[in-house]
Protein chains: 2
Amino acid sequence: MGKSGGMWMAFFRGRYLHSLDAKGRVAIPQRFRESLGGGDEALRLVMTVDPEGCLVVYPEAVWQELEGKWHSLPQMNDELKTYLRFMVGWASDGALDRQGRILVPPPLREYAGLEHDVWFVGVLQNFEIWNGDRLEKATGRDRVRSVTQKLSGLF
Amino acid sequence: MGKSGGMWMAFFRGRYLHSLDAKGRVAIPQRFRESLGGGDEALRLVMTVDPEGCLVVYPEAVWQELEGKWHSLPQMNDELKTYLRFMVGWASDGALDRQGRILVPPPLREYAGLEHDVWFVGVLQNFEIWNGDRLEKATGRDRVRSVTQKLSGLF
DNA sequence: CCACATTCCCCCACTTTTCCCCACGAATCA
DNA sequence: TGATTCGTGGGGAAAAGTGGGGGAATGTGG
């Protein structure tokens with residue numbers, strides 16, 4: 001399922017409830033691990049923050065692409081600097097341990113308000129890690145309905 | 001009827017009452033299985049949620065087309081992010097087991113309020129899975145009547 | 001340069017979930 | 001009335017997630 005199907009793009013989909021243990025570790029959903037990297041090698045990733053109040057996780061390759069874009073931008077204005085201070089300043093790169101877990105650094109844990117229960121949410125190219133209450137607010141039906149209305153013209 | 005008639009399009013039609021077992025599995029109506037995939041191969045599908053409070057199931061091919069469209073849009077847009085968090089964030093892809101059943105992941109089960117009895121409703125390109133009470137409310141005559149009036153110009 | 005504390009990561013053990021298989025009963029059709 | 005199809009239920013192996021002990025690495029303060 002989702003894995004060897006052939007031309008099935010390696011997108012992240014779905015939501016999973018996992019638990020952050022006392023050491024600050026959390027297991028990446030198996031489904032996401034499959035989308036993370038080729039074969040059974042490194043599985044490196046980059047984690048940073050999102051203004052919505054959650055963490056965002058990119059496969060290393062995707063992140064590098066982003067950095068390339070930022071680096072090649074013509075001029076460095078204040079807005080870009082603010083943006084980079086945010087995205088890059090919070091970024092933490094790492095790898096999965098042998099049990100498929102990552103260690104969430106304390107500052108990121110605090111930023112996203114992560115306690116014991118955390119939600120993983122796949123959004124195609126990357127996935128997010130949420131505090132349950134915040135996620136609920138961000139995906140409430142009322143909000144989704146209005147957004148759906150606006151976007152429905154696009155497809 | 002409906003099935004082998006020749007140029008009969010493989011749309012989903014009709015409603016069926018099935019039961020979710022203790023393990024969260026439910027059999028896909030045979031009629032729907034026929035419309036799902038070519039021949040007797042994979043029969044892969046993607047299940048997600050609808051703001052109305054039910055689940056939506058797409059054949060894999062239909063879903064991929066949607067993802068392709070989303071993927072081609074500017075990913076930094078907040079509204080798109082909210083939309084993806086909803087549609088993709090709830091998505092679950094899988095295949096039928098040997099008895100033609102799917103496993104409904106607990107979060108989706110809870111979202112749609114699915115207990116033992118669940119309704120399958122075909123709506124052309126995809127089909128939905130409903131809690132009985134919610135379905136009744138969503139398809140009440142009064143509501144349908146007013147909607148029908150609004151649409152009457154379209155066909 | 002050397003204790004000491006802290007952090008991180010490996011390994012192991014346990015519980016829960018998922019999935020594959022077989023079997024039964026009702027309905028349908030010949 | 002026998003055979004086939006379809007929906008339902010459950011056993012059991014495999015996989016995935018969780019928690020904790022302990023050693024290596026890192027960093028800090030004398």
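In what follows, chains are A, B, ... by sequence order, proteins preceding strands, each numbered from 1.
- Proximity of B:R33 to the phosphate of D:dG7: a side-chain N or O atom is located under 4.0 Å from OP1 or OP2.
- At least one donor-acceptor pair closer than 3.5 Å links the side chain of B:H18 to the backbone N or O of B:A27.
- Heavy atoms of B:D97 sit nowhere under 4.0 angstrom from any nucleic acid atom.
- Atom CD1 of A:I129 and atom CZ of A:F120 lie 4.0 Å apart (nearest 0.5 Å).
- The side chain of B:L103 has C:dT18 as its nearest neighbour among C:dA23, C:dT18, C:dC9.
- An OP1 or OP2 oxygen of D:dG17 is reached within less than 4.0 angstrom by no side-chain nitrogen or oxygen of A:S19.
- Set against D:dC6, D:dA16, C:dC22, the side chain of A:Q30 has D:dA16 as its closest nucleotide.
- Heavy atoms of B:I28 sit under 4.0 angstrom from primed sugar atoms or phosphate atoms, though from no base atom.
- Distance from the side chain of A:A27 is smallest to D:dG17 among D:dG20, D:dG17, C:dC21.
- Judged by distance alone, with hydrogens and angles left aside, B:R25 brings no side-chain donor or acceptor close enough to the base of D:dG7 to form a pair under 3.5 Å.
- Comparing B:R98 and B:R109 along DNA chain C, the residue whose closest nucleotide (by nearest heavy atom) sits nearer the 5' end is B:R109.
- Between B:R101 and A:P106, it is A:P106 whose nearest contact on DNA chain C lies nearer the 5' terminus.
- Using a 4.5 Å heavy-atom threshold, the side chains of A:I28 and A:F127 count as touching.
- Counting any heavy atom pair closer than 4.0 Å across all strands shown, B:L17 reaches no nucleic acid atom.
- Within the structure, every side-chain polar atom (N or O) of A:H116 is placed at least 4.0 Å from both OP1 and OP2 of D:dG17.
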